[in-house]
Amino acid sequence: MQPLEIKPGVYWVGGIDWNLRYFHGYRTPLGSTYNAYLIVDQKVTLVDTVKHYLAEEMLERIAGVIDPRRIDYVVVNHVEMDHSGSVPTVMELASRAKIVTSPKGKQGLERHYKKNWDYLQVNTGDELKIGARTLKFVQTPMVHWPDSMVTYIPEDKLLLPNDAFGQHIASVERFDDELGWNIVREEAAKYYANIVFPYGDQVNKALDVVEQLPLDMIAPSHGVIWRTYLKEIQRSYRQWANNESERQALIVYDTMWGSTRKIALALQSGLEEAGIPVTMRFLQTNHISNIVPDVLRSKIILIGTPTLNNGMLPTVSAFLTYIKGLRPKNRIGFAFGSYGWGGQGARQVAEVIREMGWEMPEEPINLRYVPDAGELAQVKAAGGRLAKAL
Ligand code: FEO
């Protein structure tokens, strides 16, 4: 377990979670990392830790640089246990260390670990000299929890923003340019969509601060470190935080006997003929967390369900519950479906779209049993009209 010196005297000492496939509802086929950073200065400082089961891996990396008992400060940028889970292990070894965290961080750590640690509470604008370096702190509440903050080291032009700018990637590569912009951007988008999407206003406030900082490197707590595509990822975050989507459509649907699929395909045809690229996501073969990046990028979102037992199919209601919580804004929505009697499914989808505050320029389409050619032509025309709504 080797540490990696990312700047003179600053080491990546994190843990690689090769087997992680599920992260509170989010499928992570590539695994993830929990990045911890060791700063060797007059005061030895560890910024963030790793999930509890990777504590030994982290400690082995730290020991490759310095005796972990010599740690003076443990900065906890964020209490969630993927980052604080090994704080108890570190504090047992470095028993004289102080924990540096926000006031909400202290409250959170006390509730999680019930320990009487020595705390140094910091707020936005506070600085801590650790020798040749200064640690500056900026609180970034709700990116990702109320306790979240970022640590900036001006002497190294290094930002340690914890969850912000992260990606769930387990790899031997530690830097963005080693994987390439397209791969890392895609994973950063998936991460943003599944973790940070609801907090666009707070992300914008954090970006207002970050954009003023001279930056040479952004080292998040998940995935690879940004040393090449810093401007690009900040631009993408601004775009996502502002809910700026692209001129494309997403059709998400499930089907029982193929009728709702026929409607989905007719809508696709109408949109594409009007020049709108369409992503098709069938809920039986796509996990909802893999569809959310499509929600992030698409301006028009069409959602279809048959009616089952007076309601939507459970796959569709799970998708809607998930995206309602993520609060995408400025979208055009459309509900469609098929039914035998009753027909509540598509109506319920429309209700959720209204609750989310999306525009709905077209009335829902809800067709009985199997749609005929004439009905499908009308569906296709509705797709064309939706394209014009852009
Ligand atoms: Fe990576 Fe909010 O924890």
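Counting starts at 1 for both ligands and their atoms, in listed order.
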**Request:** Without swapping roles, check the side chain of Asp48 against the backbone of Ala36 for a donor-acceptor pair under 3.5 Å.
**Result:** no
**Prompt:** Any donor-acceptor pair under 3.5 Å linking the side chain of Asp176 with the backbone of Arg227?
**Reply:** yes
**Prompt:** Does Ser102 reach the main-chain N or O of Asp147 with its side chain, forming a donor-acceptor pair under 3.5 Å?
**Reply:** yes
**Request:** Among residues two or more places apart or on two chains, list those pairs meeting salt bridge (Lys or Arg N to Asp or Glu O under 4.0 Å) that have a residue in residues 272-285.
**Result:** Glu273-Lys380, Arg281-Asp294
**Message:** Is it the case that the side chain of Tyr37 and the backbone of Pro220 share a donor-acceptor pair, with hydrogens and angles ignored and the cut-off at 3.5 Å?
**Reply:** yes
**Asked** Near atom 2 (Fe) of ligand 1, meaning under 2.8 Å, how many protein N/O/S atoms are there?
**Response** 4
**Asked** Checking Lys106 against Tyr119: charged group under 6.0 Å from the ring centre and within 45 degrees of the axis?
**Response** yes
